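Heads up, the thing below is written out as structure tokens.
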There are 2 protein chains.
Amino acid sequence: MLTDRQLMIFQVIVDDFIQTAQPVGSRSLSKKSEISFSSATIRNEMADLEELGFIEKTHTSSGRIPSEKGYRYYVDHLLSPQRLNKQEVHQVKSIFVERIYELEKVVQKSAKILSEMTNYTSIVLGPAVRDNKLKKIQIIPLNDHTAIAIIVTDSGHVENRMFHLPETMDSGDIEKMVNILNDRLTGVALESLNNKIYKEVAVLLRQHIHHYDLMLSSIVDTIKMPASEKLFFGGKTNILSQPEFHDFDKVKGLLNMIEHEEGIYDLMRKNEAGISVKIGRENNNSAMDHCSLITASYSIGAEQLGTIAILGPTRMEYSRVISLLQYLSNGLSIELSKLYQNE
Amino acid sequence: MLTDRQLMIFQVIVDDFIQTAQPVGSRSLSKKSEISFSSATIRNEMADLEELGFIEKTHTSSGRIPSEKGYRYYVDHLLSPQRLNKQEVHQVKSIFVERIYELEKVVQKSAKILSEMTNYTSIVLGPAVRDNKLKKIQIIPLNDHTAIAIIVTDSGHVENRMFHLPETMDSGDIEKMVNILNDRLTGVALESLNNKIYKEVAVLLRQHIHHYDLMLSSIVDTIKMPASEKLFFGGKTNILSQPEFHDFDKVKGLLNMIEHEEGIYDLMRKNEAGISVKIGRENNNSAMDHCSLITASYSIGAEQLGTIAILGPTRMEYSRVISLLQYLSNGLSIELSKLYQNE
DNA sequence: GTTAGCACTCTTTGCTAACGAGTGCTAAAT
DNA sequence: ATTTAGCACTCGTTAGCAAAGAGTGCTAAC
């Protein structure tokens with residue numbers, strides 16, 4: 001439906017606008033070395049492109065900028081995968097130089113590096129713990145009234161929570177209880193823990209321990225908490241450097257969304273494997289108007305662990321960001337697999 | 001050095017400017033009900049106040065605004081402690097309604113509420129753990145190569161860290177090691193732990209366990225980590241609503257400081273007990289120009305635990321914020337004391 | 001000591017003109 | 001049948017200017 005020439009003009013428009021943030025006009029286009037026809041010809045082609053909805057004007061006599069539909073087409077059909085240069089490869093690899101034992105650290109560092117390299121805001125949805133399996137439950141009394149429950153999963157995730165110790169419970173009871181819990185629950189996935197406790201373990205506890213219920217509910221609370229994965233951000237203030245966001249209301253909306261993490265989960269949870277690009281209103285979030293979000297998932301084997309993403313203006317360096325995310329998500333998957341290969 | 005009339009005029013100027021953010025002129029002052037002299041008289045007095053450095057002009061023929069020196073004087077001498085109204089008291093109390101067992105939660109909630117009530121940004125320096133005493137160390141092997149070390153303090157703080165398990169170490173060794181560590185280190189303050197381990201415990205370990213050193217260093221790392229207390233923020237974007245910060249460079253500087261937590265520790269660690277007000281350049285931080293920081297410490301008994309603070313423009317509602325912080329830090333101290341009264 | 005009056009300064013606002021970048025359209029050139 | 005040159009027109013930006021408004025400092029009268 002588009003002629004080759006329209007295509008090439010369109011591509012130059014998008015590339016130029018991504019670089020300069022200025023509407024691009026027929027005259028400046030005609031001067032580009034790639035383009036050998038006059039500005040009048042370009043004007044005609046641009047009128048067609050506009051009619052087709054790929055580009056638009058900011059006012060009646062302005063140059064053109066890509067529309068959302070235009071960006072979508074650009075991303076789907078015109079993107080040439082960009083090779084990372086040596087420095088970029090080096091920077092990404094720097095995330096993994098230290099031998100790593102903690103997921104959160106790696107994930108956090110990824111967010112930081114990513115935002116520094118792109119000058120956009122990075123968002124990383126930390127590894128899901130819901131399919132982690134319970135490794136150990138421990139209860140450590142702090143004094144006569146309070147104790148702390150700690151659970152450890154097979155991937156090394158630790159959750160803890162303080163709770164009130166019922167008066168009637170002595171240290172023998174606690175030990176008994178912990179033993180029963182570990183005996184029955186080790187190896188059970190976190191998401192089925194709740195069920196299992198009430199269906200199978202509660203009965204058992206009742207036989208051995210008085211007033212087990214208060215304590216049990218505390219432990220169940222501890223387990224429930226990490227149901228929602230953690231979000232990490234990098235370069236939250238990079239948004240302020242983008243010329244399209246020299247508008248206080250827009251910035252406020254975005255930063256508020258980020259601060260309260262409202263809607264971020266929704267944005268991140270596409271759960272398609274691989275790379276996904278959402279442009280402007282495709283994100284279904286008014287704060288994200290004029291913003292694009294590029295997400296990539298990382299995984300161990302077939303199991304998706306989490307998502308990394310870049311949030312920037314619709315006028316984003318799609319090509320570079322996609323390459324970066326691809327490379328990084330790949331690296332993450334490999335490193336994490338190494339880490340857990342021998343569970 | 002100031003006459004009563006100068007004082008009263010000064011006070012009205014500051015109060016008015018805090019409310020309106022507009023330079024205040026002699027004519028508008030003369031219309032106030034508190035003031036019964038003509039604008040000309042006020043002009044004379046204002047000229048004196050300006051010469052003394054308490055107020056300044058934004059341009060030759062503008063109204064006056066308080067100078068930093070003026071705010072300082074206002075805070076030191078003119079502040080009438082403001083009673084909180086019922087709604088405010090209620091809001092602060094809402095922090096403590098749920099029976100609380102976790103410091104971090106309370107502290108986080110405090111930051112949130114505080115920022116909502118003031119429309120400024122709140123910063124809370126979490127409880128210091130350095131004088132916490134060790135309650136228990138545990139090591140939980142995850143697989144043949146990695147294990148996780150967990151330490152619990154008497155106040156219920158939990159730190160954990162993964163580390164590499166030396167090949168030569170079997171589960172018996174681990175158990176032995178953990179026993180020795182707990183035996184020797186329980187009750188020792190976190191800050192002296194490092195010393196004690198290398199001076200006393202290492203010798204002991206050498207006698208019983210081969211290749212103990214790698215593991216020991218991992219454990220020491222775990223302990224070192226929480227040396228710096230955590231910072232919590234509330235209402236980071238409230239800054240954007242203040243008219244004096246409708247300037248992108250200023251906002252960028254501030255948000256960057258907040259994001260990277262650069263210098264925040266320095267700002268917060270005055271360590272005087274009670275309330276402290278730092279105005280503009282008194283903070284020794286260029287990002288904090290035109291900002292004031294009001295801090296209040298909270299404590300258990302004589303032991304200072306942490307600090308809560310409000311960051312806002314120099315044109316801040318000092319009176320209300322100080323009352324709020326006073327009330328909240330008091331509340332925090334009381335609640336936390338309750339929580340730990342029987343350790 | 002206080003105040004009315006006045007000249008002066010500086011910011012803000014609205015208006016106009018000029019300029020530049022860009023467009024759409026038409027007619028000529030290829 | 002394309003392509004291009006030319007031209008009238010639109011819109012945003014900038015500069016300049018005048019008028020209004022808020023405020024000041026000073027002087028002279030009360």
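Side chains included, hydrogens not; waters and symmetry mates left out as well; all remaining heavy atoms used. All values reported here derive from a predicted model rather than from experimental measurement. Below, chain A is the first sequence line, B the second, and so on; all start at residue 1.
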Original post:
Within less than 4.0 Å of OP1 or OP2 of D:dT24, is there a side-chain N or O belonging to B:S62?
Top reply: no
Original post:
If you pin B:M46 and A:S38 to their nearest nucleotides in DNA chain D, which one's is more 5'?
Top reply: A:S38
Original post:
What is the distance, rounded to the nearest whole Å, between atom CD1 of A:I55 and atom P of C:dG22?
Top reply: 13 Å
**OP:** Just say parallel, tilted or perpendicular for the rings of A:Y74 and A:F10, cut-offs at 30° and 60°.
**Re:** perpendicular
**OP:** May I ask you to decide if the ring planes of B:Y318 and B:Y71 are parallel, tilted or perpendicular, using 30° and 60° as cut-offs?
**Re:** tilted
Original post:
Can you check whether A:R43 has a side-chain N or O nearer than 4.0 Å to OP1 or OP2 of D:dG6?
Top reply: no
Subject >> Phosphate OP1/OP2 of D:dA22 contacted by B:R64 side-chain N/O (<4.0 Å) >> reply: no
Original post:
Aromatic rings A:F248 and B:F248: how do their planes relate, parallel, tilted or perpendicular, breaks at 30° and 60°?
Top reply: tilted
Original post:
Rounded to whole angstroms, how far apart are CD on A:E56 and C1' on C:dG22?
Top reply: 16 Å
Original post:
So which one's nearest nucleotide on DNA chain C is more toward 5', B:F37 or A:K57?
Top reply: B:F37
Original post:
Choosing from D:dG12, D:dT4, D:dA22, which nucleotide comes nearest the side chain of A:H59?
Top reply: D:dG12
Subject >> Separation of atom CD in B:E50 from atom C1' in D:dT24, rounded to whole Å >> reply: 10 Å
Subject >> C:dT9 base / B:S61 side chain donor-acceptor hit below 3.5 Å >> reply: yes
Subject >> Base paired to C:dA17 (Watson-Crick or G-U; both N/O distances under 3.5 angstrom) >> reply: D:dT14
**OP:** Measure from the side-chain heavy atoms of B:N44 and tell me the nearest of C:dT3, D:dT4, C:dG24.
**Re:** C:dT3
Subject >> Spacing between A:L29 atom CG and C:dA21 atom P, to the nearest angstrom >> reply: 15 Å
Original post:
From the list D:dT3, C:dT23, C:dT3, which nucleotide is the closest neighbour of the side chain of A:T41?
Top reply: D:dT3
Original post:
Of the candidate nucleotides D:dG23, D:dT4, D:dG25, which contains the atom at the shortest distance from the side chain of B:R27?
Top reply: D:dG23
Original post:
If you measure from the Lys or Arg side-chain nitrogens to the Asp or Glu carboxylate oxygens, is any gap between B:R64 and B:E56 under 4.0 Å?
Top reply: no
Original post:
Quick one: are A:Y327 and A:V89 in side-chain contact, heavy atoms under 4.5 Å?
Top reply: yes
